[in-house]
Amino acid sequence: MANSKFNVKYCVLLPIVLAVTIFLWCCPASFFGSLGDVLTVTQQRTIAIFAFAALMWIFEIVPNWVTSLMVIVISLLTISSKSISFLMKTGDASQFVPMKELMRSFADPVVMLFLGGFVLAIVASKYGMDVTMARILLKPFGKKPKTVLLGVLIVISVFSMFMSNTATAAMFLAFLAPVFASLPDTDARGKVGIALAIPIAANVGGIGTPIGTPPNATAVGNLESLANITIGFGDWAMRMIPYVIVMILFAWVLLCIFYPFKSKEIILEIKKDDHKKTYKDYVAWITFGVTIILWMTEQLHGISSNIVALIPLCVYTATGVFGKNDIKEINWEVLWLVAGGFALGYALDGTGLAKALVTSIDFSAMSIIVVFIVAGLICYLLSNFISNSATAALLIPIMIAMGKGLMESSNADAFMAFGGQAGLSVFVAVCASVAMCLPISTPPNAIAASTGLVETKDMTKVGLIVGIVGLVLGFFWVTKFFPFA
């Protein structure tokens, strides 16, 4: 079976991807219609690179982070100011993207923000902070099944705001495994409800902060680099955590209705962390707390959340809390995937392709609501089948380019009333996160499916309802609370 998948990917899908890429690279500019009248050589190459990335991410011929790395390297070789010499001769030097712009996608400030988040999560796990916090946070919810379910949803969503959604889902699956075993077979529906609570809370909870999930970071990073719009950690959290709360409460009611419990009580046994505390434990806890406080009070002290993210890395490495072996635990794949998305954004902007796309479309004839609905639905549908991160990396740079066009059209005032470029980009990021209909939609979904308790029809039913409500609420919420110029 594995060999057949390998053969299909490399013998069928890869040739298709390469054929499409080469065609878009070499075809006459007239193929692109009215856009072809103003299309430059580097812009056409960028279209080909963009198509290559999209198809590779959709088909997952290689891991998504590998595709991102390939996009960056291909861009450096073909559309950067230090491209291969004979390729430089076919276009005006001003049309090429400065090499440093593409290279800095690896160390974009938002990538550093994510790096800091990963370090905090690794240290929290290493020193038992995650287990301690889970035990303390779940204790107030008692033993009644409905309140325990609410507690699971709330606590997982909180963890997902600062940890990888996948890591959070995996951790809580381990915590809840004894619960699944202790519940009688007559409470099978209740088991399904708890199992579904894991991916729902992980996916929705990640929306709460810029580091909660890669689509958020993609939106923040591209808005800052392409539209000169800065959304701080606190700015995002204050606006989106209330959205998460509403969605979690809705999910709780939904799960209670669809998957009622018959048991009178549920006992959650999370073992107390009894290891002897050292100074490193106190450094870990204090630095963690200070970092969160600094993130949430950025407007008071003025230190960028991207800089704050490096403080725990500095403190933990200097004190030995975070060592050379811990560096291996950092999810470099996600960092490179996000970097590839930023590189695509730089390519669209630096080659002038974004501007060319904007000028070729009559935005004055477009309804702002239709723009949001179409963008949201495209993102939602794609994210159910391919990586949420890859979907956001593809669509958000386009949304920002579209937003620039709308800002210069007769619909500018109406567009600003709906949040402008920030509103559109953040809405797309939200749509990526609420896509959770299938086991393949997100890693937390796959983790829930691995329990054997959740059938695809259950995940699809609940995921579709949560997704539709998330889309509708997300539209009204984001367009109301992201009025950034």
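A heavy-atom distance below 4.5 Å is found between the side chains of L377 and L471. With a 4.5 Å cut-off on side-chain heavy atoms, F50 and L353 do not count as touching. Considering only heavy atoms from C-beta on, L382 comes within 4.5 Å of I378 through its side chain. Between W332 and I327, the closest side-chain pair of non-hydrogen atoms falls below 4.5 Å. Using a 4.5 Å heavy-atom cutoff, the side chains of Q421 and M399 are not in contact. You'll find the side chain of I194 reaches within 4.5 Å of the side chain of F261, heavy atoms only. Considering only heavy atoms from C-beta on, W295 comes within 4.5 Å of I211 through its side chain. Residues M112 and S304 form no side-chain contact, since every pair of their non-hydrogen atoms from C-beta on lies 4.5 Å or further apart.
Residues A429 and P215 come closest through the heavy atom pair CB-O, 3.6 Å. Shortest non-hydrogen contact noted between P397 and G341 is CG-O, 4.3 Å. Summarising the geometry of F415 relative to M407, their closest heavy-atom pair is CD2-SD, 3.8 Å, with the distance given to 0.1 Å. Nearest heavy atoms, I330 versus I122: N-CD1, 3.6 Å. The nearest pair of heavy atoms linking S433 to N388 is CA-ND2, 4.2 Å. When all heavy atoms are compared, the tightest approach of D108 to G221 is OD1-CA, 4.4 Å.
To the nearest 0.5 angstrom, L424 atom CG is 11.0 Å from I398 atom CD1. For the atom pair SG (C437) and CD1 (I465), the distance works out to 10.0 Å, reported to the nearest 0.5 Å. Here F475 contributes atom CZ and F418 contributes atom CZ; the two are 4.5 Å apart, rounded to the nearest 0.5 Å. The distance from the CZ atom of F250 to the CD1 atom of I200 is 9.5 Å, given to the nearest 0.5 Å. Taken from OG in S68 to CH2 in W57, the straight-line distance is 4.0 Å, to the nearest 0.5 Å. The distance from the OG atom of S125 to the CD atom of E329 is 8.5 Å, given to the nearest 0.5 Å.
Looking at residues two or more places apart in sequence or on another chain, you find no salt bridge (charged side-chain N to carboxylate O under 4.0 Å, His left out) involving K328. Residues that satisfy the side-chain hydrogen bond (donor to acceptor under 3.5 Å, both in side chains) test with N64, not counting sequence neighbours, are absent from this structure.
Of the possible donor and acceptor atoms, none in the side chain of T479 sits under 3.5 Å from a partner among the backbone N and O of G419. Not one N or O on the side chain of D235 forms a donor-acceptor pair closer than 3.5 Å with the backbone of I231. Put simply, the side chain of W477 gets close to the backbone of R239: a donor and an acceptor are under 3.5 Å apart. D458 places no side-chain N or O within 3.5 Å of a backbone atom of V454 that could act as its donor or acceptor partner. Side chain of S105 to backbone of L102: a donor-acceptor contact under 3.5 angstrom is found. Without hydrogens or angle criteria, T209 side chain to A237 main chain gives no donor-acceptor distance under 3.5 Å. No donor-acceptor pair closer than 3.5 Å links the side chain of S383 to the backbone N or O of Y380. A donor-acceptor pair under 3.5 Å is formed between the side chain of K9 and the backbone N or O of E60. Checking side-chain atoms of K126 against main-chain N and O of F322 turns up no donor-acceptor pair under 3.5 Å. Side-chain atoms of N411 do not come within 3.5 Å of backbone N or O of L406 as any donor-acceptor pair.
Heavy atoms of other residues, nucleotides or ligands lying less than 6.0 angstrom from CH2 of W336 number 12 at most. No more than 12 heavy atoms of other residues, nucleotides or ligands shown are found within 6.0 angstrom of NZ on K146.
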Item to complete: Could you go through the side-chain contact (heavy atoms from CB on, under 4.5 Å) check for Y243 and V478 one step at a time?
Response: CA-CA 9 Å; Y243 170 84; V478 170; over 6 Å; no

Practice prompt. Go through the steps to decide whether T442 and N445 satisfy the test side-chain hydrogen bond (donor to acceptor under 3.5 Å, both in side chains), and finish with yes or no.
Written response: CA-CA 5 Å; T442 68; N445 281 29; 3.0 Å; yes

Discussion item. Could you go through V315 and V321, starting from their C-alpha distance and side-chain angles, then the distance that decides it, and tell me whether this counts as side-chain contact (heavy atoms from CB on, under 4.5 Å)?
Written reply: CA-CA 8 Å; V315 173; V321 171; over 6 Å; no

Item to complete: Applying side-chain contact (heavy atoms from CB on, under 4.5 Å), run through F476 and V472 and close with a yes or a no.
Response: CA-CA 7 Å; F476 289 105; V472 175; 3.8 Å; yes

Practice prompt. I would like to know whether I241 and M161 meet side-chain contact (heavy atoms from CB on, under 4.5 Å); could you show each step before the answer?
Written response: CA-CA 9 Å; I241 288 178; M161 293 179 190; 4.0 Å; yes

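If you check the side chains of D326 and Y316, you find no donor sitting under 3.5 Å from an acceptor.
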